[in-house]
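To start, the structure itself, in structure tokens.
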Amino acid sequence: MKTYELPHWMAPWIDKHLKAIGYGLSKPQKLAKAILNASTDYQESLSTTPWKDPAAQAAYLSYFFPLNYLRTLKVIDEGKRWGFFEGVDSVLDFGCGPGTTSKALLNDDEITVPQFHGTDIFPELGGLYLDSPRTNSEMRFHLQRPAKVDANSLLSASYVLNELKGTPPWFFDFDKLLVIEPSTKQAFPKLIELRSELLAKGFDVVAPCPHSHTCPLSESKRDWCHDRLHWEQPAWFQKIQALLPIKNNTLSFSYLLASRTPLTTEPYARVVGDALVEKGKTRWLICQGPEREFLSFLKRQGKAPLLRRGDRLQLSLFEKRGQELRFELKDLKKI
Ligand SMILES: C[S@@+](CC[C@H](N)C(=O)[O-])C[C@H]1O[C@@H](n2cnc3c(N)ncnc32)[C@H](O)[C@@H]1O
């Protein structure tokens, strides 16, 4: 299992921008207060992130930005698995905020994108977006998205759909889409709708979906598709988190990667649930087609394998019993 980490440049970068608005990583109490207020505002569904308020900005920089950055890292890893970033000439980071997705892409040595365009409705974000710690790429910030979409362009929209009334029609002008949303039951229908539209327009939904049939969780009252990552918390984050009621020891998120050119070729199943340890067996909700299915490993078979939400699997042989697929360890391969 991969444990994600924040890059070394991030703490000094955040601290520099916090100091410019009267905050700092050395004052965790002041930050925790701002984060608590911002979290309440989010729960009360303020329409957009209130960037003009220094307290909201401090909360975003010290808390939501690093957490979304980590989420982006896992989505990037999934994309790289399918060659998703190969040939991308430009990225439009829509609703870029401080440039979370762009910065994560720029920080990846295996990804080269010549041009980045950040778009947000707040001019205050221009300075944060353009201050990128590592870049050989051309970077621009726009208050209005550039109307023309170049060939080989990737649209990224991270935690933005939940601030919009619906998916803008121009999303589908891009070759590739990277969309990240909160892992909430409320956000999920928007992603399901976006997935259906993408499939109807001929896109390959590269991840997390291993197939293009109806999503087996689209009608579920209990489950919605989301991934999870484990991460190493730096000391400065631990100090802030110690003052908050919410603990982010693992991070969850929902996402979609889609490409106009098909990229997925091999059949596989994805683990879409945490391990359910029951009396005589362990079960994992998996996705490999339109049916809601569980992998099931009986206690008498020995120690259950360590399968995590988001893992990709291939099963060469299994026995289907209702919704359950029983399998032997020798027939299971992680890909
Ligand atoms: C929750 S923040 C996410 C920021 C960043 N993408 C991230 O993942 O950390 C949502 C951002 O979308 C921006 N936004 C909301 N509506 C927008 C619109 N119509 N056009 C451009 N940006 C918008 C907000 O100003 C805010 O910066």
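If you're wondering where the values come from, they're calculated on a predicted model, not measured in any experiment. This chain uses plain numbering: 1 for the first residue, then up along the sequence. Numbering of ligands and ligand atoms starts at 1, following listing order.
Under a hydrophobic clustering in which Ile, Leu, Val, Met, Phe, Trp and Tyr are joined whenever their side-chain heavy atoms come within less than 4.5 Å, directly or via other members, Leu251 and Leu178 fall into the same cluster. In the hydrophobic clustering of ILVMFWY residues, with side-chain heavy atoms under 4.5 Å counting as a link, Tyr159 and Ile246 come out together.
A cation-pi geometry, defined here as NZ or CZ lying under 6.0 Å from the six-membered ring centre and within 45° of its normal, holds between Lys103 and Tyr129.
Using a 4.0 Å cutoff on heavy atoms, Phe122 counts as a contact of ligand 1. Ligand 1 lies nowhere less than 4.0 angstrom from a heavy atom belonging to Thr101.
Taking only nitrogen or oxygen atoms, main chain and side chain alike, Asp93 does not reach within less than 3.5 Å of ligand 1. Note: no N/O pair closer than 3.5 Å links Leu164 and ligand 1 by distance alone. Remark: ligand 1 and Trp51 share an N or O pair separated by less than 3.5 Å (distance only, no angle test). In terms of N/O distances under 3.5 Å, ligand 1 is not approached by Tyr159.
Ion pairing between a basic and an acidic side chain is recognised when a charged N comes within 4.0 Å of a carboxylate O; Arg309 and Asp274 show such pairing. A salt bridge links Arg270 and Glu78; the closest N-O separation between the charged side-chain nitrogens and carboxylate oxygens is under 4.0 Å.
Only side-chain heavy atoms of Phe94 come within less than 4.0 Å of ligand 1; its backbone N, CA, C and O stay farther off. Neither the backbone nor the side chain of Ala157 has a heavy atom within less than 4.0 Å of ligand 1. Under 4.0 angstrom from ligand 1, the non-hydrogen atoms of Tyr60 all belong to its side chain.
Taking all heavy atoms of Gln144, Glu124, Lys165, Glu163 into account, the minimum distance to atom 24 (C) of ligand 1 is reached by Glu163. Atom 23 (C) of ligand 1 has its nearest heavy-atom neighbour, among Leu143, Ile121, Asn68, in Ile121. Summarising the contacts of atom 11 (C) of ligand 1 with Gly118, Ser158, Gly95, Ser156, the nearest heavy atom is found in Gly95. When the heavy-atom distances from atom 13 (C) of ligand 1 to Leu161, Val160, Ile180, Asp120 are ranked, the shortest goes to Asp120.
In this structure a side-chain-to-backbone donor-acceptor pair under 3.5 Å is missing from Glu324 to Arg321. For Lys176 (side chain) and Phe85 (main-chain N/O), no donor-acceptor pair under 3.5 Å exists by modelled atom type.
Across Leu256 and Pro208, no two heavy atoms sit closer than the pair CD2-CD, 4.0 Å.
A side chain to side chain donor-acceptor pair (under 3.5 Å) with Glu291 is found for exactly one of His213, Lys320, Gln323, namely Lys320.
Of all the atoms in ligand 1, the ones that sit under 4.0 Å from a non-hydrogen atom of Thr100 are 5 (C), 7 (C), 8 (O), 9 (O). Close approach to Gly97 involves these atoms of ligand 1, each under 4.0 Å from a residue heavy atom: 4 (C), 27 (O).
Residues passing the ring-ring contact (aromatic ring centres under 6.0 Å, His included) test with Phe253, sequence neighbours excluded: Tyr255.
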